[in-house]
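Written below as structure tokens is the structure these notes are about.
Atoms within each ligand, like the ligands themselves, are counted from 1 in listed order. Computed over heavy atoms, backbone and side chain alike; hydrogens, waters and symmetry mates excluded.
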Amino acid sequence: MKVIYADNNATTQVAPEVLEEMVPYFHDLYGNPSSMHSFGGQVAGRLKEARERVARLIGATPDEILFTSCGTESDNTAIRAAIASHPEKKHIVTTRVEHPAVKNLCEHLGRHGYRVTFLPVDRHGRLDLEHLRKVLSSDTCIVSIMWANNETGVIFPIKEIAQMVRERGSVFHTDAVQAVGKIPIDMGQIPVDMLSLSGHKLHAPKGIGALYVRKGTKFSPFLIGGHQEGGRRGGTENVASIIGLGKACELVLEHLGDENERVKSLRDKLENGILKGIPSAMVNGDREHRLPNTTSISFEYVEGEAILLMMNEFGICASSGSACTSGSLEPSHVLRAMGVPFTAAHGSIRFSLSIYNKEEEIDFIIEKLPPIIERLRELSPFWGESKTATIVCS
Ligand SMILES: Cc1ncc(COP(=O)(O)O)c(C=O)c1O
């Protein structure tokens, strides 16, 4: 069966051009970049090039890029580096809608001597910047706020946030794992101190990430070991994946204009087709300030997991906004923080597209989804009673 892959915020296909550049580093060019001999030395040259390519994508300089194993490691490194470098400060600010890589670490730190402020969002997933201004103090060590939300695609105003945090003298980190490659990012224009990105969200392999650390930012390594990455992250480099990440960054930089516009028009077609064909469906999150590839749609009175299973029968891959925890289906913390009604949060599906999606795939989803929802609603004990209910659309 053909796979219709609409789950690119979960992970992406490795681009063929990326794979091609990586392959020689598994067999012919397997030297260690730290070796003194030229066999290893030639690999070091390719690492340098990869660092330059990553830096170019986000308007940084190569020495500000630190390779890590994933977005989660980048997030952990940034937050831990900030608190280790400013031991006198005990306050951390983040939001209620962060990825678990930030959310769970901050909760952990909250149990270990830190005071953590989790900023709320409104019904559209937006932050109140005045609220942020009020909670910042001389005790605030780090503010960690994502650039774009992985579930709804909502983009936060990172420039204003970064400026505000800088004025107050705290470190600003942004988890840009979902934003990099989808929207333009320029560290020359925005005073972010640290930024996380992850390879597998932008057509590089899984298991490679990077952390941007602005020159002059106080830093303390998370992985202590050898001298790799200028002593900022010990461990022999994941050479092939770093080279793959470099190539992927070069490719997405080329796609930031036209290709991402095409992805956006596919996303809009999908969203409009679904909203037109299915009653009581609503988009979650601020539709104006959103990633071009993402839509989160709630279908009242049905279970997201049931929708996913039925779409799976047709080869359609997407995600639900619920997480199955210890046997009970809990709606996602993001939708809960936005105040999405329980009946809608349970039936939410995230579609996330990439440059590899085709128009006929969108048509296929638009055709197959309405009968799936109709069938599930026929089985729902609540649907019949609710047919006349008014849904508040965002
Ligand atoms: C916003 C965000 N941050 C961090 C991560 C974690 O990245 P990784 O899977 O590379 O650890 C993800 C992955 O889904 C994400 O969406």
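Among protein heavy atoms, the minimum distance from atom 16 (O) of ligand 1 is reached at Q178 NE2, 2.8 Å. Scanning all protein heavy atoms for the shortest distance to atom 14 (O) of ligand 1 gives K201 NZ, 2.6 Å. Nearest to atom 15 (C) of ligand 1 among the protein's heavy atoms is H99 CD2, 3.2 Å. Ranking protein heavy atoms by distance to atom 9 (O) of ligand 1, first place goes to H200 NE2, 2.9 Å. Atom 6 (C) of ligand 1 has as its closest protein heavy atom T72 OG1, 3.5 Å. Closest protein heavy atom to atom 8 (P) of ligand 1: G71 N, 3.5 Å.
If you look at C70 next to ligand 1, the close heavy atoms, those under 4.0 Å, come from the backbone and the side chain alike. Contacts between V177 and ligand 1 below 4.0 angstrom, taking non-hydrogen atoms only, involve the side chain exclusively. Within the 4.0 Å heavy-atom criterion, neither part of E73 lies near ligand 1. When heavy-atom distances to ligand 1 are checked against a 4.0 Å cut-off, K206 has no atom that comes that close, whether in backbone or side chain. When heavy-atom distances to ligand 1 are checked against a 4.0 Å cut-off, D75 comes that close only through its side chain, counted from C-beta outward.
Among D175, T68, I208, the residue whose heavy atom lies nearest to atom 3 (N) of ligand 1 is D175. Summarising the contacts of atom 10 (O) of ligand 1 with P100, S198, A101, the nearest heavy atom is found in S198.
Taking 4.0 Å as the cut-off between side-chain N and carboxylate O, E107 and K103 count as a salt-bridged pair. Contact check on K264 versus E261 returns no salt bridge, with no Lys/Arg side-chain nitrogen under 4.0 Å from an Asp/Glu carboxylate oxygen. A salt bridge is defined here as a Lys NZ or Arg NE, NH1 or NH2 lying under 4.0 Å from an Asp or Glu carboxylate O, and E64 with R51 fails to meet this definition.
Partner D363 forms a side-chain hydrogen bond (donor to acceptor under 3.5 Å, both in side chains) with one of K368, K269, K358 and no other, that one being K269.
Within ligand 1, the atoms closer than 4.0 Å to a non-hydrogen atom of N150 are 1 (C), 16 (O), numbered from 1 in the order shown.
Annotation: side chain of M187 is in contact with side chain of Y212 (closest heavy-atom distance under 4.5 Å).
Between Y301 and W383, the angle of the ring planes lies from 30° to 60°, which puts this pair in the tilted group. Using cut-offs of 30° and 60° for the angle between ring planes, the F342 and H346 rings count as perpendicular.
For T152 and N284, the side-chain atoms include no donor-acceptor pair closer than 3.5 Å. In this structure, a donor-acceptor pair under 3.5 Å is present between the side chains of S319 and R350.
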